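Everything below concerns the one structure shown next.
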Amino acid sequence: MTKMRVRFAPSPTGALHIGGVRTALYDYLLAKKHGGTFVLRIEDTDQKRYVEGAEDYIVNALKWCGLEPDEGPGIGGDFGPYRQSERKDIYQKYMQQLLDNEHAYYAFDTAEELDAMREKVKAEGKHSFQYDASTRMMMRNSLSLSEEDVKVLLENETPYTIRFKMPENQEVTVNDLIREEVTFQTNELDDKVLMKSGGLPTYHLANIVDDHLMEITHVIRGEEWLPSTGLHVMMYRCFGWEDSMPKFAHLPLILKPAPNTYVTKRTKDQFTESFAAEFMKSTDLEISLEDVKKIVAQVFSNPKDIQSQLKVGKNDDGKKKAVKAFLKSAMYGKLSKRDGDRLGFPVFPLSWEGKSEADSFVGFKEIGFDAKAVNNFLVFLGWNPGTEQEMFSMKEMINAFSLERVGKSGAKFDYEKARWFNQQYLMNKDDEKIAEELGVLLSEKGLGANEAFLEKVAAMMKERVHFIPEILESGYYLFEPIKSYDDKTIQKRWKPESREKMNLLAATIKGIMSFDAITIESAVKQFMEEQELGFGEVLPILRLAVSGTTMGPSVFDIMALLGHEETVNRMTASYKYFDGVIVE
RNA sequence: GCUCCUGUGGACAAACUGGUUAAGUCGUUGCCCUUUCACGGCAGAGAUUGCGGGUUCGAACCCCGUCAGGAGUACCA
């Protein structure tokens with residue numbers, strides 16, 4: 001049996017989307033499980049969409065996720081180059097083979113002519129123009145033109161594309177590893193452009209040639225490719241490579257979260273605002289923001305049933321239709337990079353600095369996600385082990401993974417679940433490691449603390465947050481003076497008449513010799529007994545005095561961490577503040 | 001429009017080739033723990049398996065029809 005070779009073939013048109021990361025993960029898992037090779041190939045055949053830095057981003061993102069390729073640009077391997085822009089000559093050669101075998105032909109139609117043709121067909125009320133066996137003889141190409149004309153056109157360096165000559169009346173069936181047999185009629189398929197006028201191949205050509213030459217055995221890609229797989233199989237056939245054709249596996253799409261998960265009674269006003277504003281930016285219709293808001297608000301009037309509100313009604317005018325169409329595309333379908341901003345979660349592994357603010361995104365990493373948690377979350381977007389195991393290390397994933405257990409239906413992105421996974425990983429993470437990261441974050445803020453201190457912070461905070469940076473937010477008072485107090489609770493708990501006893505408490509604490517949590521706790525309890533005070537009269541006040549908030553770890557732990565002097569200082573200072581709150 | 005894919009509780013999803021009251025996880029609700037928050041533990045709510053027929057002793061699973069959603073339909077990938 002030949003060695004398994006799996007490739008990840010992204011296009012450097014921007015930051016690598018989380019869906020791409022999942023594909024890479026599955027590629028990696030499959031390859032590693034079978035002792036195969038994981039290949040990275042950069043598909044940069046579209047010079048117009050090429051984005052500076054995107055390739056580096058892809059490499060860095062894979063690295064962060066622990067999905068390092070065995071072969072690829074900058075890594076090497078026996079099947080290079082691994083950048084399609086560096087393989088031009090190869091495509092030319094194979095293009096010629098198809099031309100020679102009459103499986104492809106020159107087409108001289110300009111973009112304008114093609115557009116005009118599409119317009120014309122549409123105007124006639126037909127669905128849409130398709131360049132295929134039924135129409136190709138009406139177009140300007142080496143099939144319809146005389147040999148002499150073609151020769152002249154080519155000699156005059158008339159721009160041309162090369163199209164695949166889709167055979168008639170045939171059936172192609174794709175044996176997809178996930179979807180089983182999918183059959184296409186060649187008569188439904190069109191003559192796709194294989195070589196663009198600039199001499200660069202389109203995806204279809206480059207992909208087939210490279211997969212063949214690189215001896216790829218398994219092609220894992222998103223479901224959006226399924227409709228063109230008929231063409232791809234046909235191409236393998238025409239090249240005479242059908243016997244060694246890779247196996248295909250089309251992954252279910254990652255979908256936007258269901259609107260009813262975020263548009264609720266509480267949030268609908270907020271989303272009405274933001275969607276209306278986004279619509280205004282995207283439209284050139286003459287409509288006021290107020291009117292748009294009204295339409296959006298109507299659609300959101302019953303958050304549980306947005307979908308039916310989105311249906312175009314008989315009385316809807318053009319503007320209403322436009323707003324509804326916008327909402328539909330914004331709220332349903334494939335997860336897109338815009339969704340991150342819209343809904344407040346990351347859709348990229350790493351942050352991306354685009355040319356503008358609108359083109360910049362925060363990544364999972366920067367939010368504080370552990371790459372392991374991201375992998376664990378992603379592997380479940382379309383796959384499940386069939387057991388009840390939820391947490392998987394990379395090793396376990398490799399072991400458990402199989403394409404047979406990949407589902408067919410689209411998986412909605414669930415940020416809550418991603419957060420949950422991160423929390424699980426965080427709770428199991430060593431305090432030492434958390435302390436290390438905390439130290440870095442702290443110094444970025446211009447603060448500092450010693451390692452032992454940070455480890456204690458990590459231990460008591462890690463199960464209370466979802467992300468490491470959150471520790472610095474909800475537990476900021478461990479590093480800085482108290483910024484704000486929970487006044488409501490102060491008003492409820494701070495009794496001027498017990499001021500004297502509270503002073504006594506401060507004095508008691510001041511008198512503790514060994515300032516550790518256990519000693520403090522017993523001292524406080526003893527104090528309460530002596531003074532005949534209940535927990536409710538003492539603990540909330542103590543907590544407030546020391547941290548400003550009623551939430552957080554055990555007060556005694558906080559006090560021990562802050563230290564003797566700081567604790568006492570905070571108590572006296574806070575008491576003064578409490579008095580002020582009561583007076584108001 | 002056409003082609004292809006998909007359709008199990010709010011979300012993910014199990015049920016291997018049809019077989020008892022349709023797993024489990026996230027979320028949600030309540031209780032316990034803690035006089036805080038979280039973690040943890042326990043319990044509950046939530047599904048006529050998109051809908052309608054059919055085959056069968058028996059259907060989420062097979063057949064037919066229907067509806068809905070998604071993807072593709074570029075000299076983009």
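Below, chain A is the first sequence line, B the second, and so on; all start at residue 1. Predicted model, so just to flag it, every value in this text is computed and none were measured.
Residue contacts for A:L539: at a heavy-atom cut-off of 4.0 Å it reaches no nucleic acid atom on any strand shown. A:M427 comes within 4.0 angstrom of sugar-phosphate atoms only, judged by non-hydrogen atoms across all strands, and of no base. As judged by a 4.0 angstrom heavy-atom cut-off over every strand, A:K462 is placed among residues making no nucleic acid contact. Backbone-only engagement by A:K408 is indicated by non-hydrogen atom pairs under 4.0 Å involving sugar-phosphate atoms exclusively. Nucleic acid contact class of A:F184 (heavy atoms, under 4.0 Å, all strands): sugar-phosphate only. A:G222 comes within 4.0 angstrom of no nucleic acid atom, judged by non-hydrogen atoms across all strands. Nucleic acid contact for A:Q185: none, since no nucleic acid atom lies under 4.0 Å from a heavy atom of the residue. Residue contacts for A:D486: at a heavy-atom cut-off of 4.0 Å it reaches no nucleic acid atom on any strand shown. At the heavy-atom level, A:G333 lies under 4.0 Å from the strands shown only through sugar-phosphate atoms. Residue A:R493 is classed as having no contact, given no heavy-atom separation below 4.0 Å to the nucleic acid.
When the C1' atom is compared between B:G27 and B:G10, the two are found 8 Å apart, to the nearest whole Å. B:U28 and B:A11 have their C1' atoms separated by 12 Å, with the value rounded to a whole Å. Here, B:U25 and B:G46 have their C1' atoms 15 Å apart, quoted to the whole Å.
For A:D46 and A:R49, the salt-bridge test passes: some basic side-chain N is under 4.0 Å from an acidic carboxylate O.
Within 6.0 Å of NZ in A:K456 there are 12 or fewer heavy atoms belonging to other residues, nucleotides or ligands.
The 5' end of RNA chain B is approached more closely, in terms of each residue's nearest nucleotide, by A:E416 than by the other of A:T161 and A:E416. Along RNA chain B, the nucleotide nearest A:K525 and the nucleotide nearest A:V193 are compared for position; the residue whose nucleotide lies closer to the 5' end is A:K525.
Taking every side-chain heavy atom of A:K412 into account, B:C12 is the closest of B:A71, B:C12, B:G10. For A:D46, the side-chain atoms get nearest to B:C76 when compared with the rest of B:C39, B:G7, B:C76. Of all nucleotides listed (B:U36, B:C76, B:G72), B:U36 comes nearest to the side chain of A:R543.
For B:C37, its base sits under 3.5 Å from the side chain of A:R464 at one donor and acceptor pair at least. Below the 3.5 angstrom threshold, one finds a donor paired with an acceptor across the side chain of A:S197 and the base of B:C75.
Judged by distance alone, the side chains of A:N141 and A:Y131 do bring a donor and an acceptor atom under 3.5 Å apart. Side-chain atoms of A:D109 and A:Y160 form no donor-acceptor pair, as typed in the model, at a separation below 3.5 Å.
If you take CG on A:L62 and CZ on A:F8, they are separated by 6.0 Å, rounding to the nearest 0.5 Å.
Remark: C1' of B:A38 and CD of A:E463 are 6 Å apart, rounded to the nearest angstrom.
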